[in-house]
A.B. asks: 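My questions will all concern the structure given below.
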Amino acid sequence: MFRAGDLAVRVGRDVDVTHESELLAVLAAADLGVAVPCPVLVEAELAVLAYPLLPGAPLLGQPPPQGSATTLARALRRLHRVNAATVAGLVPREIDPGVEWLADLHGPVEHLDLLHATVPDPPEHPVLCHNDLGAEHLLADGGELTGILDWSDAAITDPAIDLSRLLRDFGPRFLDEVLDGYGDLGGDAMPRIYFYARCAALEDLAHARATGRAEYAVAARPSLTWLFPG
């Protein structure tokens, strides 16, 4: 991703930018209550997608703005109610996301043992999810949540996944506030959210080691205290 004047330009790898632009049109029609990218240039052969810059800066390593839990609850309710038929062929369907998340995960043995012992069943009611809703993809400006970036990993999958990174990045109290506004996610929601959040924390620590992006490790380490026993 780079900036060209007032445009954000992304050159994708193994990403169908045509499908992504069509997905973004569906999201715009769904009116999530927070801005999403609106492409003005889609070049399929070069895998280039360009859109006007959204206001704000990513929340990675930052506290969430006041009221953002309510905004996210509303956005996720609307996102998860999008008719899956409208995005058929635009996003993949994850049949068993718990198993997929564990496939290439690395970390302390005791953490991995806990994860292998708590793999959730495949979701009974998969929905359209952002599927990578971490702080780095949330924009804030002037004390308000202003945008949700990077929909390239969107999928029909377990809605608990979209809550999991909010738990990882902002903690249990913030998650409770989001769930208060979101509504019922099912009786077994919390174990599923914690499973995916634990996986996501280990993923970010591994990502930091592999790329040298220390800010991901700095942001992820505190979450280990509320995600893992002891």
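The figures that follow rest on heavy atoms only: side chains count, while hydrogens, waters and symmetry mates do not.
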A.B. asks: Using a 4.5 Å cut-off on heavy atoms from C-beta on, say whether the side chain of L59 contacts that of P65.
C.D. replies: yes
A.B. asks: Would you call the rings of H130 and H137 parallel, tilted or perpendicular, where under 30° means parallel and over 60° means perpendicular?
C.D. replies: tilted
A.B. asks: With distance as the sole test, does R81 use its side chain to make a donor-acceptor pair with the main-chain N or O of V127 at under 3.5 Å?
C.D. replies: no
A.B. asks: Yes or no on side chain to side chain contact (heavy atoms under 4.5 Å, CB included) for L205 and R221, after CA distance, side-chain angles and deciding distance?
C.D. replies: CA-CA 8 Å; L205 291 172; R221 283 194 192 103; 3.8 Å; yes
A.B. asks: Is a side-chain donor or acceptor of W226 paired with a backbone partner of L167 at a separation under 3.5 angstrom?
C.D. replies: yes
A.B. asks: Measuring from atom CZ of R78 to atom CG of L32, what distance do you get when rounded to the nearest 0.5 angstrom?
C.D. replies: 7.5 Å
A.B. asks: Any link between I193 and L114 through a network of hydrophobic side chains (Ile, Leu, Val, Met, Phe, Trp, Tyr) touching at under 4.5 Å?
C.D. replies: yes
A.B. asks: Decide yes or no for L202 and F228: does some side-chain heavy atom of the first lie under 4.5 Å from some side-chain heavy atom of the second?
C.D. replies: yes
A.B. asks: With rounding to the nearest 0.5 Å, note down the distance linking CG in D104 to SG in C199.
C.D. replies: 11.5 Å
A.B. asks: I'd like to know whether NE2 of H106 has more than 12 heavy-atom contacts from other residues, nucleotides or ligands below 6.0 angstrom.
C.D. replies: no
A.B. asks: Give the minimum heavy-atom separation between I95 and E100, together with the two atoms involved.
C.D. replies: N-OE2, 4.0 Å
A.B. asks: Is I156 reachable from Y196 through a run of I, L, V, M, F, W or Y residues, each pair having side-chain heavy atoms under 4.5 Å apart?
C.D. replies: yes
A.B. asks: Does atom NE2 of H125 have more than 12 heavy-atom neighbours, drawn from other residues, nucleotides or ligands, at distances under 6.0 Å?
C.D. replies: no
A.B. asks: Kindly check if the number of other-residue, nucleotide or ligand heavy atoms within 6.0 Å of CD (E144) is above 12?
C.D. replies: no
A.B. asks: Can you list the steps and then say if E136 with R213 is a salt bridge (charged side-chain N to carboxylate O under 4.0 Å, His left out)?
C.D. replies: CA-CA 12 Å; E136 69 274 21; R213 300 282 305 272; over 6 Å; no
A.B. asks: Please report the shortest heavy-atom distance between D158 and P97, naming the atom on each side.
C.D. replies: CB-CG, 4.3 Å
A.B. asks: Using the rule side-chain contact (heavy atoms from CB on, under 4.5 Å), only one of L27, D132, L133, V91 pairs with W151; which is it?
C.D. replies: L27
A.B. asks: Is the shortest distance from a Lys or Arg side-chain nitrogen in R168 or E203 to a carboxylate oxygen in the other one below 4.0 Å?
C.D. replies: no
A.B. asks: Mind listing the closest non-hydrogen atom pair of S68 and L145 along with its distance?
C.D. replies: CB-CB, 4.2 Å
A.B. asks: Got more than 12 heavy atoms from elsewhere within 6.0 Å of CD, E110?
C.D. replies: yes
